[in-house]
Amino acid sequence: MKEIYNPAEIESAAQSYWETNNSFKVTEEPGREKYYCLSMFPYPSGKLHMGHVRNYTIGDVVTRHQRMLGKNVLQPMGWDAFGLPAEGAAIKNRMAPADWTYSNIDYMKGQLRTLGFGYDWSRELATCKPDYYKWEQWLFTELYKKDLVYRKNSIVNWDPVDQTVLANEQVIDGRGWRSGALVERREIPQWFIKITDYADELLEELDTMDEWPEQVRTMQRNWIGKSHGVRFAFPYELDGKQEQLWVYTTRVDTIMGITFCAVSAEHALALHAAKENSELAAFLEECQTGSVAEADLATMEKKGLPTGINVTHPLTGEQIPVWVGNYVLSGYGDGAVMAVPAHDERDFHFAKAYGLPITQVIQVGDESFSTDGWEEWYADKGRGTCINSGKYDGMSYSDAVDAIAADLEERELGEKRVQYRLRDWGVSRQRYWGSPIPMIHCDKCGIVPVPKADLPVVLPEDIEFDATGGSPIKKMPEWYQVSCPECGGDAERETDTFDTFMESSWYYARYTCPDADDKMLDERADYWLPVDHYIGGIEHAILHLLYARFYHKLMRDAGLITSNEPFKKLLTQGMVIAETFYRNEEDGSKSWFNPDDVTVEHDDKGRAISAKLAADGNPVEIGGIEKMSKSKNNGVDPQSMVDRFGADTVRLYTMFTSPPDQSLEWSDEGVEGASRFIRRLWNLAWNRRDAITAPGDLSNLNDQQRTARREIHTALKQASFDYERQQFNTVVSAAMKIVNTLYKLGDTPADRAILNEGLSITLRLLGPISPHVTHTLWRELGYGDEILNALWPQTDETALVQESIQYVIQVNGKVRAKIQVPADADKAAVEAIAIADDNVQKFVGDNTVRKVIVVPNKLVNIVAN
RNA sequence: GCCCGGGUGGCGAAAUUGGUAGACGCAGCGGACUUAAAAUCCGCCGGAGGGUAACCUCCGUGCCGGUUCAAGUCCGGCCCCGGGCACCA
């Protein structure tokens with residue numbers, strides 16, 4: 001052991017120790033409790049950012065803690081390796097996406113190693129490897145056979161200059177990111193997986209997933225968007241032909257209040273009417289270019305034009321005018337709605353704007369209805385009864401819905417229907433760097449899935465990108481020209497690749513058996529799954545987590561696994577944020593400076609008052625605290641922090657500064673503090689190394705020593721509780737409290753015994769958080785070989801027992817005294833001592849004591865007036 | 001607009017879920033050690049007022065009201081900040 005704490009040295013030694021001993025390699029042990037802890041795998045973008053460090057530290061802390069509880073713990077790591085940035089880098093650096101990706105993986109893996117994360121690297125996977133994507137290709141062909149996969153036309157962004165399809169991220173302000181050309185919408189055939197077949201199961205299971213944050217469950221519920229309603233038609237005649245306008249509504253009870261219909265700008269009826277009407281045609285054009293951001297839509301002005309077409313009310317036979325409305329969504333339901341301005345807020349504002357009639361058909365109690373302004377109760381579904389509705393008058397919501405739906409059904413003009421917002425999952429991407437879609441197009445046989453024996457369809461990695469960014473495999477006849485597996489004739493491969501969400505939807509399962517070479521998953525999957533604890537960013541709340549849940553059910557129904565859900569517990573960690581600094585440039589733009597390059601001046605209260613750029617000494621503006629990002633240049637490089645302070649300090653700081661689900665504000669001073677604490681621990685161990693030799697006798701302690709031991713075990717109890725509820729910041733503070741207590745101990749045999757016990761507890765509490773320094777001290781002080789496998793410390797309840805207890809005495813709810821009472825005193829005795837106190841007497845005065853509340857071992861409240 | 005979070009010292013945050021508000025840390029101040037500095041160790045540290053002092057009093061958890069012996073915590077109403085989103089008929 002050395003006098004001076006040297007993180008670089010002890011950390012690399014500890015890491016080598018774990019590597020040579022395969023400390024984190026695990027196998028299935030039937031009968032032993034397993035724990036599968038997983039952090040969302042990274043995209044290999046180049047280097048780790050602070051968000052990764054936080055995510056993976058949380059995962060590693062959970063992993064090491066569960067291991068010390070005696071469980072068989074799996075924590076794997078891998079790479080979400082397909083994706084668009086590799087193509088951009090390929091064009092820019094004139095290198096193959098595969099080479100760029102592999103070199104990034106190499107570098108980032110080294111970074112993960114220096115942070116001391118305990119991964120079972122024998123299970124490492126990269127989703128761009130054929131032995132990985134082979135199995136999702138196989139599953140896709142199986143789904144095709146089960147009729148869960150289909151092909152249909154869908155719209156893509158087309159760059160007319162580069163002659164290539166663009167991903168949404170590559171469209172900037174409606175223009176191609178490279179060419180700058182106006183992007184066109186083109187319809188091409190694409191592959192879909194029927195996630196809607198699983199919508200109900202995906203929705204209903206959310207109710208049972210009580211270890212997921214409520215926020216995430218709500219977001220998924222809304223995304224699936226199930227509603228119960230009625231779909232019905234308005235007949236009309238057009239060019240002498242009988243047609244029907246179909247709409248969907250959840251408020252068919254208001255059907256007698258329809259005063260117009262509204263269709264979306266893309267609706268066939270609108271397009272037809274626009275042929276004869278140039279004003280309408282211009283309006284439809286305008287609707288195409290408006291903002292599509294949801295928040296804008298919510299506050300957007302309601303606009304519309306009449307089509308000049310009338311339809312017939314299915315029950316009254318009345319003529320109803322059809323309008324085009326910018327508030328009608330083309331993609332939901334039939335792209336058309338019935339409008340009941342009296343009982344729908346959007347319809348109301350539209351009717352007011354265009355002078356359309358408003359007819360009240362629902363009455364709630366004695367509320368008074370007026371067309372002057374909108375009232376909340378007008379649209380209160382389920383309240384009130386029908387009026388002005390002929391034979392439906394007096395009916396409640398559910399009676400009216402049943403009766404009206406029955407009448408519509410009788411006329412063959414409608415029926416009840418469950419509607420979802422969720423759409424089928426479009427998985428085709430016209431990109432290169434992804435898994436090829438294993439389908440063959442044969443002129444004779446049609447679509448033929450690639451047989452299992454021919455899988456995987458390997459993506460060629462040794463390619464060159466031309467400047468357009470178009471997918472190279474689309475220009476490689478030697479790759480896509482094949483013979484048909486069925487008839488043997490000439491055929492062509494699908495040249496589109498899968499959406500990268502396909503790979504990230506099942507990687508958690510493949511880690512359980514990454515070497516299975518004849519099956520997607522083997523029997524080991526059921527030992528480890530479901531994942532007990534999944535950790536990642538909130539940005540994946542909907543898409544990734546919904547697709548992974550869907551995929552899990554697909555794999556279950558393919559007979560590969562038996563569980564229903566992939567992730568038992570979910571933790572969404574908070575953002576990492578930092579101060580920003582900028583200068584206003586002459587052209588009105590801002591240039592942002594990294595906090596590393598700025599010196600901040602504080603006033604005597606410690607408030608930041610001004611900041612200067614270190615390079616030129618001139619002032620910069622303080623821009624407020626924001627999420628670490630490239631655009632604000634406020635990212636702190638984890639590597640430079642590890643180099644300066646060591647991984648243990650960086651890990652301790654990220655755990656100590658905020659609870660895991662809240663945002664974490666970076667502060668250099670805070671990191672210094674974390675580093676100072678670790679040195680304080682090290683110095684204690686060094687200075688008292690001769691005293692910490694063996695456990696001593698704890699049975700004969702004086703008052704001071706008993707207090708010290710009580711403080712240690714109180715902190716331990718709190719820390720164990722906080723580990724369970726994953727509030728790691730207070731775990732660190734508990735360890736700090738114990739160290740503070742240990743510093744105050746003397747050097748008698750009893751003090752040495754307490755020190756020995758206290759330090760062994762502290763090291764184990766911190767073991768999961770700062771593993772290197774605790775590993776080293778554990779061995780140097782002779783506690784054992786591996787703290788990693790040490791058992792979690794138990795609270796000694798007898799150490800918590802006190803001879804006398806401090807009671808807080810309140811008079812009328814205000815603290816007036818603190819008294820020491822023997823621990824065995826009964827309620828009456830406590831009361832008596834409390835009332836006898838001088839200060840209590842002073843405040844009770846001449847008043848009569850009405851009531852005395854005694855909270856055992858805590859507090860007495862005397863009510864007097 | 002709607003749905004989640006959140007609002008506590010100069011700052012990051014605690015408060016074992018209704019029982020001493022501010023633990024632990026950062027910054028700051030004071031002291032010890034040192035020729036000196038750094039490092040380290042010890043102490044003080046919400047505001048106002050009183051006392052030589054140990055201490056004492058009043059105010060204080062975004063704002064207003066309520067429930068309770070007791071509210072940072074529960075209920076009702078509002079104001080800010082952060083994140084997300086379905087104009088879904």
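The structure presented is a predicted model; accordingly, all values stated were derived computationally and were not measured. Lettering of chains follows the sequences in order, A, B, ..., and the numbering in each one begins at 1. Values reported hereafter were calculated over all heavy atoms of this structure, with side chains retained and with hydrogens, waters and symmetry mates removed.
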Anything under 3.5 Å between a protein N or O and an N or O of nucleotides 67-71 of chain B, put it in a table, one pair a line.
| from | atom 1 | to | atom 2 | distance (Å) |
| --- | --- | --- | --- | --- |
| B/C69 | OP1 | A/Lys851 | NZ | 3.4 |
| B/C69 | O2' | A/Asn861 | ND2 | 3.2 |
| B/C69 | O2 | A/Asn861 | ND2 | 2.7 |

Exercise. Would you mind classifying the nucleic acid contact of A/Ser667 as base, sugar-phosphate or nothing, using non-hydrogen atoms under 4.0 angstrom?
Key: nothing
Self-check item: Other residues, nucleotides, ligands: >12 heavy atoms within 6.0 Å of A/Gln704 CD
Solution: no
Quiz item: Is any side-chain nitrogen or oxygen of A/Arg679 closer than 4.0 Å to OP1 or OP2 of B/U40?
Solution: yes
Quiz item: Since syn is defined as within 90° of 0, does B/G82 count as syn or as anti?
Solution: anti
Quiz item: Between A/Arg421 and A/Tyr332, is NZ or CZ placed under 6.0 angstrom from the six-membered ring centre and within 45° of the ring axis?
Solution: no
Under 3.5 Å, N/O pairs linking protein and nucleotides 12-14 of chain B:
| from | atom 1 | to | atom 2 | distance (Å) |
| --- | --- | --- | --- | --- |
| B/G12 | O2' | A/Thr657 | O | 2.8 |
| B/A13 | O3' | A/Asn729 | ND2 | 3.3 |
| B/A14 | OP1 | A/Asn729 | ND2 | 3.1 |
| B/A14 | O5' | A/Asn729 | ND2 | 3.4 |

Quiz item: Which pairs, with at least one residue in residues 714-733 of chain A and sequence neighbours excluded, count as a salt bridge (charged side-chain N to carboxylate O under 4.0 Å, His left out)?
Solution: A/Lys717-A/Glu797, A/Asp722-A/Arg725
Practice problem: Carefully, step by step, assess A/Gln718 and A/Thr795 under the rule side-chain contact (heavy atoms from CB on, under 4.5 Å). | Solution: CA-CA 10 Å; A/Gln718 177 226 310; A/Thr795 307; over 6 Å; no
Quiz item: What nucleic acid atoms does A/Gln419 come within less than 4.0 Å of, heavy atoms only: base, sugar-phosphate, or nothing?
Solution: nothing
Quiz item: Under a 3.5 Å cut-off on both pairing distances, which runs of 3 or more consecutive Watson-Crick or G-U pairs involve RNA chain B?
Solution: B:1-7 with B:79-85, B:10-12 with B:24-26, B:28-32 with B:40-44, B:46-50 with B:55-59, B:62-66 with B:74-78
Self-check item: By ring pair (Phe, Tyr, Trp, His ring centres under 6.0 Å) - contacts of A/Trp212 (at least two apart)
Solution: none
Self-check item: Touch class at under 4.0 angstrom, heavy-atom based, for A/Val328 against every strand present
Solution: base
Quiz item: For A/Tyr743, which contact category applies under a 4.0 Å heavy-atom criterion: base, sugar-phosphate, or nothing?
Solution: sugar-phosphate
Quiz item: Contact class for A/Gly225 vs. all strands (heavy atom < 4.0 Å): base, sugar-phosphate, or nothing?
Solution: nothing
Quiz item: Hey, are A/Glu579 and A/Lys632 close enough for a salt bridge, meaning a charged N less than 4.0 Å from a carboxylate O?
Solution: no
Quiz prompt | Salt-bridge present (A/Arg251, A/Asp344; N to O < 4.0 Å) | solution = no
Quiz item: With the sugar-phosphate defined as primed atoms, P, OP1 and OP2, and the base as all remaining atoms, what B/S/- string results for nucleotides 54-59 of chain B, 5' to 3', for protein heavy atoms under 4.0 Å?
Solution: ---SSS
Practice problem: Starting from C1' on B/C42, measure out to NZ on A/Lys744 and report it in whole angstrom. | Solution: 10 Å
Quiz item: Looking across every strand, which nucleic acid part, if any, lies under 4.0 Å from A/Asn740 by heavy atom: base, sugar-phosphate, or nothing?
Solution: sugar-phosphate
Quiz prompt | Atom pair distance, as rounded to whole Å: CD1 in A/Ile678 and P in B/G25 | solution = 14 Å
Quiz prompt | Atom-pair distance (NE2 on A/His343; C1' on B/C87), nearest Å | solution = 19 Å
Self-check item: Greater than 12 external heavy atoms within 6.0 Å of A/Lys352's NZ
Solution: yes
Self-check item: Interatomic distance where CG belongs to A/Asn222 and C1' belongs to B/A89 [whole Å]
Solution: 16 Å
